[in-house]
Amino acid sequence: MTPPYTSIARRNTIVAGGMLALLVLVGCGEQNVACIAPTDQDLAAAAARAYIDGRSPKPLRFLSAVSTDSAMPVTGMRVLQDLGPTYLYPPDSAGQEVIHARLAESPWPSMLVTYHGCG
């Protein structure tokens with residue numbers, strides 16, 4: 001049985017965040033260099049890429065919620081835009097119908113991405 005979407009996303013976020021934190025620690029080592037802890041935006045970008053890379057079929061276009069508390073941080077949006085066309089998914093149903101019609105024009109796999117923080 002496939003685990004629920006939320007548990008997969010949470011696991012991938014934790015794995016990507018842990019890897020990013022480990023890289024920061026390894027990069028700092030014992031040098032006299034000021035180390036900067038990763039921000040939520042850094043973690044969101046790493047988690048988004050790790051999660052999307054693990055999907056099959058791999059999404060070729062993305063929707064991101066806007067004007068809500070689920071909007072993706074800027075760094076996460078850059079990841080989505082680097083991977084394929086990215087549409088802003090509006091909160092109102094009229095705007096959503098326009099996006100649905102546009103997506104129906106091709107058979108490309110799509111993914112709606114929402115952000116709920118890193119933690």
Side-chain angles (χ1 to χ4, degrees):
M1 183 173 145
T2 303
Y5 170 78
T6 53
S7 69
I8 293 172
R10 185 174 298 120
R11 182 186 70 227
N12 286 344
T13 301
I14 291 168
V15 169
M19 290 185 332
L20 185 58
L22 180 62
L23 287 174
V24 168
L25 292 174
V26 169
C28 293
E30 294 183 20
Q31 302 171 358
N32 291 328
V33 177
C35 291
I36 300 171
T39 65
D40 277 0
Q41 287 206 14
D42 296 331
L43 295 174
R49 182 169 296 279
Y51 184 76
I52 291 166
D53 286 346
R55 301 298 93 208
S56 180
K58 185 173 181 178
L60 299 175
R61 58 189 176 180
F62 305 91
L63 298 102
S64 181
V66 294
S67 303
T68 69
D69 61 349
S70 297
M72 192 71 150
V74 173
T75 54
M77 283 297 290
R78 283 191 198 120
V79 168
L80 299 180
Q81 291 169 341
D82 287 347
L83 294 173
T86 304
Y87 299 88
L88 301 178
Y89 196 70
D92 63 287
S93 59
Q96 291 173 0
E97 289 303 318
V98 171
I99 297 295
H100 292 170
R102 176 75 180 186
L103 294 176
E105 294 175 3
S106 76
W108 291 4
S110 304
M111 177 183 281
L112 174 61
V113 180
T114 58
Y115 175 73
H116 298 284
C118 296

Atom pairs and distances, side-chain donor-acceptor, residues 65-85, under 3.5 Å, sequence neighbours left out:
unit_1 : atom_1 : unit_2 : atom_2 : d
T68    : OG1    : S70    : N      : 3.0
T75    : OG1    : Q41    : O      : 2.6

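Judged by distance alone, with hydrogens and angles left aside, the side-chain atoms of Q96 form a donor-acceptor pair with the main-chain N or O of P90 at under 3.5 Å.
Hydrophobic clustering (side-chain heavy atoms under 4.5 Å, transitive across Ile, Leu, Val, Met, Phe, Trp, Tyr) groups L88 together with F62. Residues Y89 and L103 share a hydrophobic cluster, clusters being chains of Ile/Leu/Val/Met/Phe/Trp/Tyr side chains in contact below 4.5 Å. Following chains of ILVMFWY side-chain contacts shorter than 4.5 Å, one can reach L112 starting from I99, so the two form part of one hydrophobic cluster.
Note on residues 92-115: pairs passing salt bridge (Lys or Arg N to Asp or Glu O under 4.0 Å), not counting sequence neighbours, are R102-E105. The salt bridge (Lys or Arg N to Asp or Glu O under 4.0 Å) pairs that include a residue from residues 56-68 are D53-K58, where partners are two or more places apart or lie in different chains.
Between Y51 and V113 there is no side-chain heavy-atom pair separated by less than 4.5 Å.
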